[in-house]
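Written out below as structure tokens is the structure these notes cover.
Counting begins at 1 with the first residue of the sequence. All values below were derived from every heavy atom in this structure, side-chain atoms included, with hydrogens, water molecules and symmetry-related copies excluded.
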Amino acid sequence: MKTRQSNKPKGGVLAVISLLMIGSAAIRVGLEAGPALAKNPEPTVKQAKPEGMEKPGAQELLTELLRREAALEKREAAAIDKEKALEIAEQAIETRMVAMQAAEENLRETLAYAEKAAETDLTRLTDVYQSMKPKDAAALFETMDPGFAAGFLSRMPADAAAGVLAGISPEAAYTISVIMAGRNAAAPQE
């Protein structure tokens, strides 16, 4: 048996197509890479290109992309810095809030203590005026501011307050009585 051999040359058409493609690539690289590899990249005569027909080269695109990347990195760094600053400010605010709450609680305790001490002093002074002879207490209440005197008299038992009011001048007794009567007039009735 004889095998049939073809008379076609091996790889002829494929070789020609390959050579044409390689040649085309070499020409393109030569045309585009030539100016980049030249010693004097600035041409002495610039060719005017019509507007809108300019196409940026690969180097210009790369430069623009690098510029944008740098700008983005700068913005990102600024955003990170702002975020850190906000975290620090937030921590400072929290610390101040805790300090303010502690100071407020301390102030409440101090005010409660002062109020209790003032109430104790008023009670003691009222007891002193109440235990005085009405004639002596009346002489003292006559010289007091009417609002101040009304405060003490309203804290005294009715019989002790009546004895003091009976011993002062009628004008002073009237003024003190009006103040005592009007103290709770503005209070809600219901």
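- The nearest pair of heavy atoms linking L165 to S177 is CD1-OG, 4.3 Å.
- A salt bridge links E64 to R67: at least one charged side-chain nitrogen sits closer than 4.0 Å to a carboxylate oxygen.
- Rounded to the nearest 0.5 Å, atoms CE (M100) and CG (N106) are 13.5 Å apart.
- Each of Y174 and M180 belongs to its own hydrophobic cluster when Ile, Leu, Val, Met, Phe, Trp and Tyr are linked at side-chain heavy-atom distances under 4.5 angstrom.
- Proximity of a side-chain donor or acceptor of E60 to a complementary backbone N or O of G57 within less than 3.5 Å is detected.
- The line from CZ of R96 to CD of Q91 is 12.5 Å long, rounded to the nearest 0.5 Å.
- E142 places a side-chain N or O within donor-acceptor distance of the main-chain N or O of S169, the cut-off being under 3.5 Å.
- Rounding to the nearest 0.5 angstrom, the gap separating the CD atom in E76 from the CD atom in E83 is 10.5 Å.
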* To do: Carefully, step by step, assess E94 and V98 under the rule side chain to side chain contact (heavy atoms under 4.5 Å, CB included).
  => CA-CA 6 Å; E94 286 180 27; V98 168; 5.7 Å; no
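- Under the 4.5 Å side-chain criterion, counting only non-hydrogen atoms from C-beta, E105 is not in contact with Q101.
- Using a 4.5 Å cut-off on side-chain heavy atoms (C-beta onward), E119 and E115 make no contact.
- A heavy-atom distance below 4.5 Å is found between the side chains of I168 and I176.
- A continuous path of Ile, Leu, Val, Met, Phe, Trp and Tyr side chains, each step under 4.5 Å between heavy atoms, connects F148 with L122, placing both in one hydrophobic cluster.
- Put simply, the side chain of M156 reaches to within 4.5 Å of the side chain of L153, judged on heavy atoms.
- Here the straight-line distance linking atom CZ of R68 with atom CZ of R75 works out to 10.0 Å at 0.5 Å rounding.
- Inter-residue side-chain proximity for M144 and Y129 is flagged as met; some heavy-atom pair is nearer than 4.5 Å.
- In the hydrophobic clustering of ILVMFWY residues, with side-chain heavy atoms under 4.5 Å counting as a link, L125 and M132 come out together.
- Taking the side chain as every heavy atom from C-beta outward, T123 and D127 approach each other to under 4.5 Å.
- Expressed to the nearest 0.5 Å, how far CZ of F152 lies from CG of L140 amounts to 9.0 Å.
- For the pair I179/R183, a side-chain contact is recorded, criterion being any heavy-atom separation below 4.5 Å from C-beta on.
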* Decide side chain to side chain contact (heavy atoms under 4.5 Å, CB included) for L62 and L66; before the verdict, give the C-alpha distance in whole Å, the side-chain angles of both, and the deciding distance to 0.1 Å. => CA-CA 6 Å; L62 179 61; L66 289 174; 4.1 Å; yes
